[in-house]
**Q** 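Here's a structure for you.
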Amino acid sequence: MDIQFLGTGAGQPSKARNVSSLALKLLDEINEVWLFDCGEGTQNRILETTIRPRKVSKIFITHLHGDHIFGLPGFLSSRAFQANEEQTDLEIYGPQGIKSFVLTSLRVSGSRLPYRIHFHEFDQDSLGKILETDKFTVYAEELDHTIFCVGYRVMQKDLEGTLDAEKLKAAGVPFGPLFGKIKNGQDVVLDDGTKIKAADYISAPRPGKIITILGDTRKTNASVRLAVNADVLVHESTYGKGDEKIARNHGHSTNMQAAQVAAEAGAKRLLLNHISARFLSKDISQLKKDAATIFENVHVVKDLEEVKI
Ligand SMILES: [Zn+2]
């Protein structure tokens with residue numbers, strides 16, 4: 001499981017940072033890629049990665065500001081051009097209005113897609129668990145921005161324990177159907193009367209990963225709730241230390257507030273994105289240094305950077 005950052009800038013693109021988008025690559029888990037936000041030019045960034053647009057099965061939108069959604073019509077249209085590949089449906093999750101934005105853009109530009117889009121719109125009253133599959137559950141909660149904006153908590157379900165085949169062989173269990181029974185948790189008796197307790201040969205289930213991806217927000221308790229015990233918290237850092245007042249006025253956070261959220265939530269790792277073009281590279285290292293005084297495991301991400309989870 002990896003996160004690849006496609007756009008890490010705030011508000012408008014700069015040479016170094018495109019506007020918001022990131023890909024949660026779940027290729028080993030479910031052979032899918034989930035996009036979070038899709039600012040203008042996201043499809044160009046994807047061209048610089050190994051991500052195949054057809055593998056993008058779900059897109060989660062945090063809010064309807066242009067720097068988070070203007071890339072959708074272009075991405076959706078280009079996804080249709082992979083003519084020799086199977087066309088798979090796509091799900092879009094986001095605030096009410098996302099459906100009308102996408103359908104209007106496609107209609108007035110005469111774009112016809114050879115696949116279906118299923119929209120899942122929500123508002124303040126329909127948040128909570130927005131998706132559950134056999135491997136993942138996704139929750140959304142309202143943040144505190146200048147328009148309705150949400151954060152997402154992606155929870156992988158616990159992974160089954162694995163069978164210790166070497167230990168079974170050593171215990172004299174012949175390779176074959178008995179292995180399957182034991183893997184299913186069934187105790188068995190061998191021909192020579194030896195009792196094999198399944199639990200002794202299966203490792204404990206491993207806890208699934210928790211990934212929290214927030215949209216633009218002031219510091220709010222909802223962010224902490226979404227990030228409780230997260231393996232990774234992706235948090236905006238539009239402003240730096242000392243800019244708390246201006247951040248509040250514009251509906252954003254500073255690096256210090258992001259670090260406080262990570263610390264309060266007991267997250268394991270903090271990745272800062274939504275970085276203003278005002279910051280030069282020396283400011284970026286300062287952003288990290290200052291945030292690290294509150295939460296040590298922090299990193300300011302760059303466009304196209306890939307982070308293993
Ligand atoms: Zn915004």
Side-chain angles (χ1 to χ4, degrees), residues 3 5-14 16-24 34-42 45 59-75 92-102 104-105 120-124 127 130 140-153 212-227 233-240 243-262 270-279 287 300-303:
I3 293 181
F5 289 86
L6 300 169
T8 60
Q12 55 190 24
S14 66
R17 297 180 187 274
N18 198 33
V19 282
S20 289
S21 185
L22 68 83
L24 176 61
W34 294 358
L35 274 193
F36 288 78
D37 286 335
C38 189
E40 182 185 353
T42 293
R45 274 293 190 249
I59 302 178
F60 298 85
I61 298 295
T62 60
H63 65 300
L64 301 183
H65 276 155
D67 56 323
H68 295 253
I69 65 168
F70 284 170
L72 273 174
F75 171 77
I92 297 181
Y93 297 81
Q96 224 149 49
I98 192 67
K99 179 175 181 179
S100 131
F101 169 73
V102 169
T104 305
S105 318
H120 306 269
E121 290 187 308
F122 41 72
D123 58 20
Q124 280 92 341
L127 289 171
I130 56 158
E141 199 173 332
E142 185 179 5
L143 301 175
D144 182 11
H145 191 40
T146 53
I147 60 170
F148 177 62
C149 179
V150 304
Y152 293 102
R153 177 179 173 90
T212 301
I213 298 167
L214 303 185
D216 296 2
T217 188
R218 298 181 181 97
K219 186 168 185 291
T220 166
N221 288 335
S223 302
V224 177
R225 283 194 293 272
L226 287 165
L233 164 62
V234 180
H235 197 300
E236 70 130 294
S237 173
T238 314
Y239 292 93
D243 286 337
E244 280 71 22
K245 196 166 167 221
I246 184 166
R248 168 146 297 275
N249 289 341
H250 290 93
H252 288 292
S253 298
T254 66
N255 56 336
M256 309 309 273
Q257 293 171 319
Q260 282 159 6
V261 169
L270 172 63
L271 302 176
L272 297 177
N273 71 349
H274 208 264
I275 307 297
S276 164
R278 291 178 289 113
F279 292 122
L287 274 183
V300 182
V301 292
K302 291 192 184 90
D303 279 28

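We count ligands from 1, going down the list as the structure has it; atoms in each ligand are counted the same way.
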**Q** Over 60° means perpendicular and under 30° means parallel, so classify the ring planes of Phe122 and Phe148, tilted if in between.
**A**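 Correct class here is perpendicular.
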
**Q** Over 60° means perpendicular and under 30° means parallel, so classify the ring planes of Phe60 and Phe36, tilted if in between.
**A**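 Ring orientation, 0 to 90° scale: parallel.
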
**Q** Could you please give the number of protein N/O/S atoms within less than 2.8 Å of the Zn ion (ligand 1)?
**A**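 For the Zn ion (ligand 1), the figure is 4.
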
**Q** Under the salt bridge (charged side-chain N to carboxylate O under 4.0 Å, His left out) rule, collect the residues that match up with Asp243, sequence neighbours excluded.
**A**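 Salt bridge (charged side-chain N to carboxylate O under 4.0 Å, His left out) check on Asp243 returns nothing, list empty.
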
**Q** Between Leu22 and Val301, is any pair of side-chain heavy atoms under 4.5 Å apart?
**A**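 No, their side chains stay 4.5 Å or more apart.
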
**Q** Between Thr8 and Asp303, does a side-chain hydrogen bond (donor to acceptor under 3.5 Å, both in side chains) hold up when you go through it step by step?
**A** CA-CA 6 Å; Thr8 60; Asp303 279 28; 2.6 Å; yes

**Q** Any luck finding a side-chain donor-acceptor pair between Glu244 and Thr254 under 3.5 Å?
**A**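 Yes, a side-chain donor-acceptor pair sits under 3.5 Å.
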
